[in-house]
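Working notes for the structure below.
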Amino acid sequence: MSAAYVRPDFDVVTNWVPQGASVLDLGCGDGELLARLKRERGSIGYGVEIEDSAVLACLNRGLNVLQGNIESGLNLFADGAFDVVILSQTLQATRHTEALVREVLRVGKSAIVTLPNFGHWSVRWQLGVGGRMPVSKRLPYQWYDTPNVHFSTITDFDVFCADKGITVERRVALAGGRAITFLPNVRGETAVFQIRK
Amino acid sequence: MDIATDSVGYVTPQKIAFETPLNFVSGATLPRFDLMVETYGELNASRSNAVLVCHALSGHHHVAGFYKDAPDPSKSEGWWDNLIGPGRPLDTRKFFIIGVNNLGGCHGSTGPGTFNPATDKPFGNEFPIVTVPDWVRTQVQLADHFGIESFAAILGGSLGGMQAMQWAIDFPERVRNVLAIAAAPKLSAENIGFNEVARQAIRTDPDFHDGNFYAHGVVPKRGLRLSRMLGHLTYLSDDLMGEKFGRVLKGEDYQFGFEAEFEVESYLRYQGDKFAGYFDANTYLLMTRALDYFDPARAFDDNLSAAFAKSKAKFFIAAFTSDWRFSPARSKEIVRALLANKHDVSFAEIESVEGHDSFLMPIPQYHALLRSTFEGIKV
């Protein structure tokens, strides 16, 4: 995601993170969200990122960044080390999704997960009627170059949490930067969940 | 000779005398000592822009620049010259940088080869065993000498990184940023094993004379040469050696003998000979022992997090993918202990092929990260 791209989910995450919380942002990219949390929420924050250029971008912002692959585990972090662990548009690009969520809820007292909603009507339209894998502003990849390997809808993630005994504390579906309450699984482009063990 | 515009240019070392007794961790004492240093850049009025560069096993105070009166000035480049200069990642227009030869060294600081007035001969094997905390205390005296209350940063690779960490543990008020690169929180059994082989090579050389070879007018060159060959092997990576030498022969075909036939053999012999020509055997023993003994968690019930509890610095920890001597996993042990204290820390795992020696290489990503870190330091 480029820096110019507006991320409405960042507003929600920022609102949900309590003042002064310790925060771990997994797949933090260039550190835009982490910098904002530090500035607006006084967060004590760390980012984890694998890409060289993103690690450098975080350092340039003066952030704490730890280079590594979140899929090989979060063994740098102790149990309950953070008030909030953030997985912002990251989970759908991970392979061992379930194991990662378990690790996230080990190191975080709670987690905020943001996901692209594959139940959105345009996705359904492109695949169901057009017969093509969906490509949009929020999912700008072709099937052959996408980093996303685990697609889910808002309902899917709810079911996943219920199956695994994870508590969903709150959720919001977003479209065009606004919260959607009517038919969120159809109209929501992005979903933000707060979960805990 | 032509000197790059971003080089510190010609430099001159200075010897600083400390006329107060030094008590070592071991219980030994020295009545006085000298430290050789070089400095680059200018100390600002508030003395807030000082950076200390700590050296590794065979390093010294000549970190950057060239010596005008060297036999060949173009070959007198400092050992981390690519890092330091106007416009380089550690910028001399912003920082005042100190390079120091550690106590026990063989480049002008008081060491085993120094004449001991009490006995009328060189210290030799009577030179105290020196530890990383001992070095740090001598470096504190050096800071006092320059009127530096706190270093903007202390930086080092390998054994140098260990000194930087020890500063944050022992003198948390006196260092604001610690950069520990290709380091480890303590040596593994394998690490100590390599050091012991190197020491045995030196100590069993008939020219070693139990460390008092100076009086015999000889140098235990065979031992030094072997220890350097071994050390050098552990600083490189299998991949790099494969790339650099492979199985290339110096001649046309096998000679069916034991002379250096493979390129890698003559390379190691050359490195060994060069090292044996200038390095002090007793210093090599001391430096490897300082590595073995380094274990800051030991005083805290083997709890590294507890060791760092009072640290106030911001940390930059970096490791290299091809470094098997102090692998990235070893650096992560440090990061874990810092995170447990919620200290400011960044960690980078840098792609490289040069093994442990990578920390001296101008790898673009590595230097970009160092540049960013130094640019972010307020002075």
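The structure presented is a predicted model; accordingly, all values stated were derived computationally and were not measured. Letters go in sequence order (proteins before strands), and every chain restarts at 1.
Atom CD1 in B/I350 sits 8.0 Å away from atom CG in A/D52 (nearest 0.5 Å). Here the CG-CG distance, from A/N64 to B/D344, works out to 4.5 Å after rounding to the nearest 0.5 Å.
Within a 6.0 Å radius of CG in B/D301, no more than 12 heavy atoms belonging to other residues, nucleotides or ligands are found. Remark: A/E169 CD is packed, more than 12 non-hydrogen atoms of other residues, nucleotides or ligands lying under 6.0 Å away. Heavy-atom contacts from other residues, nucleotides or ligands closer than 6.0 Å to CD of B/E149 number 12 or fewer. Shown here is B/D238, whose CG atom has no more than 12 heavy atoms of other residues, nucleotides or ligands within 6.0 Å. Other residues, nucleotides and ligands contribute more than 12 heavy atoms inside 6.0 Å of the CH2 atom of B/W324. Residue B/R298 places its CZ atom among 12 or fewer non-hydrogen atoms of other residues, nucleotides or ligands, all under 6.0 Å distant.
Taking the ring axis of A/F82 as reference, the NZ or CZ atom of B/K342 stays within 45° of it and closer than 6.0 Å to the ring centre.
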Which is it for A/L66 and B/K332 under the side chain to side chain contact (heavy atoms under 4.5 Å, CB included) test, yes or no, and what are the steps along the way? CA-CA 10 Å; A/L66 310 165; B/K332 284 184 192 171; over 6 Å; no
Please determine whether side chain to side chain contact (heavy atoms under 4.5 Å, CB included) holds for the pair A/L56 and B/S372, giving the CA-CA distance in whole Å, both sets of side-chain angles, and the decisive distance to 0.1 Å. CA-CA 7 Å; A/L56 178 59; B/S372 174; 3.9 Å; yes
After noting the C-alpha distance and the side-chain angles of B/F347 and A/V65, does the key distance pass the side chain to side chain contact (heavy atoms under 4.5 Å, CB included) rule? CA-CA 6 Å; B/F347 168 69; A/V65 61; over 6 Å; no
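Neither the backbone nor the side chain of A/I50 comes within contact range of chain B; no heavy atom of the residue lies under 4.5 Å from a heavy atom of that chain.
Judged by distance alone, the side chain of A/Q67 and the main-chain N or O of B/E349 form a donor-acceptor pair under 3.5 Å. Under a 3.5 Å cut-off, the side chain of B/R336 and the backbone N or O of A/N75 do form a donor-acceptor pair.
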